[in-house]
Structures are given as C-alpha cells and as structure tokens.
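All values below were derived from every heavy atom in this structure, side-chain atoms included, with hydrogens, water molecules and symmetry-related copies excluded. For reference, positions follow the sequence shown, starting with 1.
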Amino acid sequence: MTQPQTAPEVNGDSRTAPLLLVADPETSLVQGLADALEREGVEVAGVTDGAQALLQAGALQPDVVLVSASLPVIGAVEFVRAVRLARAVPVLLGVGEGHAEQAVQALAAGATACVARPYRVPELLPLVQGAFSGEPGGRRTLMVGRVELDVHAYLVRVDGRAVHLPLREFELLHYLMRNAHRTVTREQIMRHVWNSTETTSTNTIAVHVKRLRARLGDTDDRLIQTVRGVGYRLVDRAAQDRSVGTP
C-alpha cells in the first residue's frame with residue numbers, strides 16, 4: 001500500500017496503474033483491500049479520517065477516492081462537498097447497515113456511487129480501472145418488468161416512481177434481480193447478501209423479503225415468489241401474465 005505523503009506522479013497520464021485513495025477508520029480493512037487490489041495492478045493509498053483524505057486527494061491526485069460512510073473528523077458527506085469544489089474525481093461511498101441516510105446525502109452532494117462495505121474487489125475493480133482508462137462504464141442499471149435498479153446511484157424505481165430502500169433490502173433486491181427468473185436458496189442469499197454462512201438466521205431473510213415486497217407494492221407475492229422449502233425467485237410479472245394469456 002502506497003504511503004500517502006507525496007505522489008510519485010500527480011499527472012494521471014504519466015501513471016502506468018490506477019491510484020485509489022481509500023479513507024476508512026479500519027486500517028486492517030484498508031490493508032486487506034490494498035493487498036487484493038494491488039495483485040490486480042491497482043495502487044492503493046490509505047488514510048484513516050476525512051481531514052487526511054482531503055489533504056491527500058489534493059497531493060496524490062488519485063484516479064478514484066473511496067470513503068467510508070463512517071469517516072471521522074470530517075464526515076463523508078462534507079468530504080464529498082469539499083472535493084467537488086476542487087475536482088471531478090470519482091468518489092465512491094462505502095456503505096454498510098444503517099448508512100442509508102448518509103448514502104442519500106452523499107449522492108446528492110456529488111458522490112459517484114455507493115459500494116458495499118466490507119469492500120468487494122469484484123465490485124470495486126471495474127470502477128477503478130474504468131476511471132483510469134477514461135471509460136467509467138456508465139451506470140449499471142438492471143430492469144425486471146416494472147422494477148428498475150441503478151446499482152451505482154443506489155436508486156430503485158417501480159413504474160418510474162422512486163422507491164427508497166434501506167441498504168440491506170437494496171442489496172437483497174439487487175441479488176434477486178441479478179438472478180431473475182431463477183430460484184436462489186436461502187443459503188445463497190445469506191452468503192451473498194449477508195456475507196454469512198449461518199443457516200439458523202434464515203428467518204431474517206423472510207422478514208426482509210416481506211418488507212421488500214411491501215415497499216415494491218408486491219401485494220400478491222407474484223414479483224418475489226416463495227419457493228417453499230428452497231428459497232425465492234424474482235420474476236417479470238408482465239411477461240408472466242402474457243405467457244399465461246397466450247393461447
């Protein structure tokens with residue numbers, strides 16, 4: 001992990017690898033992320049609070065900045081506002097359970113996208129590489145019937161109407177939409193959404209599915225279907241209706 005005192009190259013055109021500045025109070029988490037990303041050819045500089053992050057964002061001129069929603073000294077939202085006055089660098093917000101409000105405020109302040117924290121290399125790598133190459137790849141939007149999910153804007157719409165979801169329900173919907181029309185088991189959901197192998201906590205899934213259905217207006221459980229004894233399946237209700245109506 002690069003020590004963030006000075007930048008070897010502040011001109012992005014002179015770099016041979018993308019530079020990611022990570023601002024997170026958990027140094028072990030940053031170090032683990034740095035080790036993984038550096039194996040993929042990404043340089044990582046780490047700081048532990050928002051004041052250091054502002055200083056190093058100017059000194060290092062990183063290609064991407066990743067800040068924790070729980071950033072101390074100068075908070076994540078204030079950091080985003082300050083950076084936006086000086087640079088157009090992509091700023092990713094690392095969000096966990098209970099950070100939905102910070103996510104909304106940071107996106108309104110100019111954050112580029114929200115990513116799950118603890119951080120996941122497959123999610124971060126294309127964003128960092130895309131920013132370095134000048135081809136960020138745009139927003140990634142999933143559509144299943146009347147439901148639209150914008151992964152990077154942390155936004156869900158049903159029939160064009162914005163629906164606010166708490167983070168865990170957003171991640172649950174994201175996972176179901178990525179696997180649309182396929183049955184996913186409770187164990188798979190626990191592993192991919194909760195990052196847990198606990199099978200005794202699957203009642204938690206049922207509670208979140210119930211809340212998610214209510215927010216999406218899925219009153220008859222036809223959008224998110226329960227596959228008894230197995231798990232859940234998200235389907236395109238309009239396509240299902242057309243299929244039923246076909247002679």
Is it true that [X] and [Y] fall in one hydrophobic cluster, defined by side-chain heavy atoms closer than 4.5 Å?
X	Y	answer
Leu60	Val67	yes
Val77	Val22	no
Val104	Phe79	no

[atom2] on [Y] to [atom1] on [X], rounded to 0.5 Å:
X	Y	atom1	atom2	answer
Gln61	Leu19	CD	CG	10.0 Å
Met177	Ile224	CE	CD1	10.0 Å
Leu33	Asp24	CG	CG	9.0 Å
Leu85	Arg81	CG	CZ	10.0 Å
Leu125	Leu37	CG	CG	6.5 Å
Leu176	Leu142	CG	CG	11.5 Å

How would you list, by chain and number, every residue that makes a side-chain contact (heavy atoms from CB on, under 4.5 Å) with Ala82, sequence neighbours excluded? Leu54
Would a distance-only check, ignoring hydrogens and angles, find a side-chain to backbone donor-acceptor pair under 3.5 Å from [X] to [Y]?
X	Y	answer
Asp218	Arg222	yes
Arg211	Ala206	no
Asp49	Ala51	yes
His99	Gly96	yes
Asn179	Tyr175	yes
Glu38	Asp35	no

Minimum heavy-atom separation for [X] to [Y], with atom names?
X	Y	result
Glu123	Val115	OE2-CA, 3.5 Å
Gly110	Arg84	O-NE, 2.9 Å
Arg186	Gly229	NH1-C, 3.6 Å
Leu124	Leu66	CD1-CD2, 4.0 Å
Arg213	Thr226	NH2-OG1, 2.8 Å
Pro166	Ala100	CA-CB, 4.4 Å

Hey, are the side chains of [X] and [Y] touching, using non-hydrogen atoms and a 4.5 Å cut-off?
X	Y	value
Leu172	Leu212	yes
Leu149	His174	yes
Arg117	Ser68	yes
Thr48	Thr27	yes
Arg161	Arg157	no
Val193	Arg168	yes
Leu173	Leu216	yes
Val235	Leu223	no

Can you tell which of Val44, Val91, Leu21 makes a side-chain contact (heavy atoms from CB on, under 4.5 Å) with Pro62? Leu21
Worked check of side chain to side chain contact (heavy atoms under 4.5 Å, CB included) between Leu92 and Val65: CA-CA 6 Å; Leu92 308 176; Val65 181; over 6 Å; no
Begin from the C-alpha positions of Tyr232 and Ile189 and carry the test side chain to side chain contact (heavy atoms under 4.5 Å, CB included) through to its verdict. CA-CA 9 Å; Tyr232 298 91; Ile189 293 172; 3.9 Å; yes
Quick one: do Trp194 and Ile205 satisfy side chain to side chain contact (heavy atoms under 4.5 Å, CB included)? Show the steps, please. CA-CA 9 Å; Trp194 271 264; Ile205 299 174; 4.1 Å; yes
How far apart are the C-alpha atoms of Asp221 and Gln225, what are their side-chain angles, what is the distance that settles it, and do they pass the side-chain hydrogen bond (donor to acceptor under 3.5 Å, both in side chains) test? CA-CA 6 Å; Asp221 301 354; Gln225 300 178 345; over 6 Å; no
Yes or no on side chain to side chain contact (heavy atoms under 4.5 Å, CB included) for Gln102 and Val95, after CA distance, side-chain angles and deciding distance? CA-CA 8 Å; Gln102 290 98 319; Val95 293; 5.8 Å; no
Ion pair present between Glu169 and Lys210, side-chain N to carboxylate O less than 4.0 angstrom? no
Between Gln52 and Gln56: side-chain donor-acceptor atoms closer than 3.5 Å: no
